[in-house]
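Take a look at the structure set out below.
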Amino acid sequence: KSPSTPIHLIVVLLVTYFVCTMGKSNALTCPLPPELAAKLHVDPAAIDSASTDYGNIVHSKPAAVLYPSSIEDIQRLVKSSYNCPIPFGISVRGNGHSVDGQDMARDGVVVDMKSLRENKTGIKIRVSKNHLFADVGGEQLWIDVLHTTAAQGLSPVSWTDFLYLSVGGTLSNAGISGQTFLHGPQISNVYELDVITGKGELVTCSKRNNSDLFDSVLGGLGQFGIITRARIALRPAPTKVRWSRAFYSNFSDFIRDQERIVRGGQRDVANYLEGLLMFDNGTPTEWITSFFHPTQLPQIMSLVKTYGILYCLELTKYHFIEDIESEIDQDLQQVFKDFAHVPGFIDAKFVSYQEFLTRVPNVENESQTHPWQNLFIPQSRISDFNVGVLRDIVLKRNITTGPVLFYPLNRHKWDAELSAVIPDEDIFYTASFLHTSGIDNWQVYDDQNKAVIKFCEEAGIKIVKYLADYTTIEEWIKHFGSKWTTFRERKAQYDPKNILSPGQKIFNGV
Ligand code: FAD
C-alpha cells in the first residue's frame, strides 16, 4: 500500500486522456466559442451518418458533426480550427454522394449542409429574371434549382445526369452531362461565388474580382474554400424535349456519329449528347431497353449477343414555345438519315423538360456499395480503349451491373484557369462505370477498375480520373500534372493550415 499509488494512477489517467483526445479527436480539444460548441454533435447517430457516403466503401469517423443554421456558424468553425494550436480537418457534406470518402474528416468536423437547406433563412435560390442568373446557396440541391428556376421560365444550361447533388459538391468537381459538349461543365457556367477560405474569411470572387480564388475553387475538390453561394447562368427554359436513342453495333460508326455532333456539324439539332453501353451478360439492361418498344426487346437481346457490346447514342433537341414540333422531327430525321445506326433501332419521344432532367430517380440503398470508376480518355486513343478496356476487360469479365456511360466532350468549353484537370486534346471522352454491388463483393469491381488503369498505363493512354480517389501525394502530383504547382501554391495561400476537405487525401500527409 504505497502512498504514491493514487498519484501514479492520476498520472496514468491524465496521460491516457491526452493521448486519446490529442491524437484522435483534437477538434474537441480546441477552444470553441460556446455558441458553436452547442451546435457540434457527437452522438453515435450523427457520427455514423457522417462516416459513410454513397460509395459505402470508405468509412471514417469525425470527432463531431456541425449542423449549421447559418453561414456564420461555418465561418466560426473554420476560424476556431485556424486559431487552434493543432488545427482540425473540416469537410463539407453537400449531399454525401461521393463514392470514396471525399466528404469525410477523420477526427475532424463534418459540416452537414442539409441543416442549411432545411433552415428557412439564408440565401436559398434567388432568381434574377432581368439579369438571367440565380444566386444559389452552396448547400442547395440541383433538383431544387431546376424547380425554382423552371417556375420562372428559366434554367441553368449545364447539368448533371442526377440532380440530388449539392451545388457546392458538383462545383468542387466539374458537373458534367450531355449538355457539356455544348455549354461546358457546370463550373464553366458560374458568374460569382461567396467562399469561406481556410482562414475563415468570407470572400466574394468572380473572374473580375479575386479571380485567383474563383479559379481555384471551381473544380478545386473543396481544397480552397467552402462555397456558400454561387451565381449560376440562366437561359430561357425549353418547354419540351425531343429525346432520341439509336443503337449501333459498330464502335467506329458510333464514335464517328457522336463526334460529328460535338465537332459542331450537327450543333443545331442537338442540345444534349450522351452514349450508353450495353454488354452481353444475358439480361436486358433495363434502363436502356425500356426506352424502346417492348416488342423490340428480343431483337435487341439478339443483337447484343451477336456483337458483344451494343452502343446506344442518345441525343435530345430542345423545344421552345415558338418551335413547331413537326420541324423538330424533320430536323432529327435528317440527322439520323446520315447516321450509321442499326436500321430500325431508333426511337424518339417528346417529354417535358423537367421530366427529361429528372430521368434518374433518387434511390438510396445502404445494403449496396458503389465501386465506381469515372475516366476521361483522349480521343486519339479511344479505339485502343475500346479494344483493351471495353472488349478485353469489361466484356470478358462479364460482371457489369450498373450503367456504363460513354460520350465525347470539347476541351475548348472548359476554362483552363480553373482547377479541374482534363486530357490535353481538343476532344476527349468520358467513360463512367457505375457499378452497384453487395457489401461483400465490391472488391471484384475494384479489381476490374485497377485492371483498367493498369492497361491504360501500359498502353500509354493518358487517361485522367474524374472524381479521383488517389491516396498519396505522388499520385495527386501526377494527376494535376502541369497544374500541380499552381494548385499547391493556391492551397498555401487560401488554406495554409490544410484544414479543408481532408477526405480528398491530397495535403493531409504534407
Ligand atoms: P459531397 O459528396 O457531399 O462532397 C463532395 C466533395 O465536395 C467533398 O470533398 C466536399 O468536401 C466538397 N464540397 C461539398 N460541398 C461543398 C461546398 N459547398 N464548398 C466546397 N466544397 C464542397 N457528377 C457529374 O459530374 N455528373 C453526373 O451526372 C453525376 N451523377 C452522379 C450520380 C450519382 C447517383 C452520384 C452518387 C454521383 C454523381 N456524380 C455526378 C458525382 C457528383 O457530382 C459528386 O460526387 C459530387 O461531389 C456529389 O455532390 P454532393 O453534394 O453529394 O457532394
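In each ligand, atom 1 is the first atom listed, and ligand 1 is the first ligand listed.
Within the 6.0 Å centre-distance limit, the rings of W372 and Y54 are counted as a close aromatic pair. Between Y470 and H479, the distance separating the two ring centers is shorter than 6.0 angstrom. Here Y445 and H370 keep their ring centres 6.0 angstrom or further from each other. The six-membered or imidazole ring of Y429 lies near that of F406, with a centre-to-centre distance under 6.0 Å. Proximity of the aromatic rings of F254 and Y311 is defined here by a centroid distance below 6.0 angstrom, and this criterion is met. Taking the six-membered ring for Trp, F487 and F224 have ring centres closer than 6.0 Å.
In L467, the part holding a heavy atom less than 4.0 Å from any atom of ligand 1 is the side chain. The proximity of F224 to ligand 1, defined as any non-hydrogen pair under 4.0 Å, does not occur for either the backbone or the side chain. Within the 4.0 Å heavy-atom criterion, neither part of Y164 lies near ligand 1. Counting heavy atoms closer than 4.0 Å to ligand 1, residue Q504 contributes side-chain atoms (C-beta onward) but none from N, CA, C or O.
Residue R93 approaches ligand 1 through these ligand atoms, each under 4.0 Å from one of its heavy atoms: 3 (O). Proximity to G175 (heavy-atom distance under 4.0 Å) selects the following atoms of ligand 1: 25 (O). Heavy-atom proximity to N173, at under 4.0 Å, picks out these atoms of ligand 1: 44 (C), 46 (C), 47 (O). If you number the atoms of ligand 1 from 1 as listed, the ones under 4.0 Å from a heavy atom of S501 come out as 9 (O), 11 (O). Every atom of ligand 1 with a heavy atom of T170 under 4.0 Å away is listed here by number and element: 43 (O). For ligand 1, the atoms sitting less than 4.0 Å from at least one non-hydrogen atom of D161 are 27 (C), 28 (O), numbered in the order shown with element in parentheses. Those atoms of ligand 1 that come under 4.0 Å of a heavy atom in G222, given as number and element, are 21 (N). Within ligand 1, counting atoms from 1 as listed, the ones closer than 4.0 Å to a heavy atom of S172 are 7 (O), 12 (C), 13 (N), 20 (C), 21 (N), 22 (C).
Relative ring orientation between W484 and F480 is described as tilted, the plane-to-plane angle lying within the 30° to 60° band. Using cut-offs of 30° and 60° for the angle between ring planes, the F247 and F292 rings count as parallel.
For ligand 1, none of its N or O atoms has an N or O atom of I226 under 3.5 Å away. Between T160 and ligand 1, no pair of N/O atoms sits closer than 3.5 Å. For a threshold of 3.5 Å applied to N or O pairs, the pair formed by H97 and ligand 1 contains at least one separation below that value. For ligand 1, the polar-atom distance check finds an N/O of S98 within less than 3.5 Å of one of the ligand's N/O atoms. Not a single N or O atom of A174, backbone or side chain, sits closer than 3.5 Å to an N or O atom of ligand 1. Here's the thing with V92: one of its N/O atoms is less than 3.5 angstrom from an N/O atom of ligand 1. At a 3.5 angstrom cut-off on N or O pairs, L165 does not count as close to ligand 1.
For the side-chain hydrogen bond (donor to acceptor under 3.5 Å, both in side chains) test with N95, the passing option among R117, K114, E139 is R117; the others fail. For the pairing with Y272, the ring-ring contact (aromatic ring centres under 6.0 Å, His included) check across Y318, Y407, F356 returns one residue only, F356.
Remark: minimum distance from atom 51 (O) of ligand 1 to any protein heavy atom is reached at S166 OG, 2.6 Å. Nearest non-hydrogen protein atom to atom 8 (C) of ligand 1 is Q102 O, 3.4 Å. For atom 3 (O) of ligand 1, the closest heavy atom belonging to the protein is G94 N, 2.6 Å. With hydrogens left out, the protein atom closest to atom 20 (C) of ligand 1 is G225 O, 3.4 Å, a heavy atom. The closest protein non-hydrogen atom to atom 25 (O) of ligand 1 is Y466 OH, 2.6 Å. Nearest to atom 32 (C) of ligand 1 among the protein's heavy atoms is F162 CB, 3.4 Å. The nearest protein atom to atom 33 (C) of ligand 1, hydrogens excluded, is given as W372 CH2, 3.4 Å; this is a heavy-atom distance.
For the pair D53 (side chain) and G55 (backbone), a donor-acceptor distance under 3.5 Å is present.
Between G503 and ligand 1 there is no heavy-atom distance shorter than 4.0 Å. Look at I176 and you'll find a heavy atom under 4.0 Å from some atom of ligand 1. At least one heavy atom of G96 sits closer than 4.0 Å to an atom of ligand 1. Under a 4.0 angstrom heavy-atom cut-off, P185 registers as lying outside contact with ligand 1. Within the 4.0 Å heavy-atom shell around ligand 1 one does not find W159.
Closest heavy-atom contact between Y353 and P238: CB-O, 3.4 Å. Pairing each heavy atom of L234 with each of V127, the nearest pair is CD1-CG1, 3.9 Å.
For the 3.5 Å distance criterion, the side chains of D73 and S69 qualify, holding a donor opposite an acceptor.
When the heavy-atom distances from atom 50 (P) of ligand 1 to V363, V110, N95 are ranked, the shortest goes to N95.
Under a cutoff of 6.0 Å and an axis angle of 45°, K199 and Y82 do not form a cation-pi pair.
A 6.0 Å sphere centred on CD of E35 holds more than 12 heavy atoms belonging to other residues, nucleotides or ligands. Within a 6.0 Å sphere centred on NZ of K478, heavy atoms belonging to other residues, nucleotides or ligands number 12 at most. Summarising the local packing, CD of E366 is surrounded by 12 or fewer heavy atoms from other residues, nucleotides or ligands at distances under 6.0 Å.
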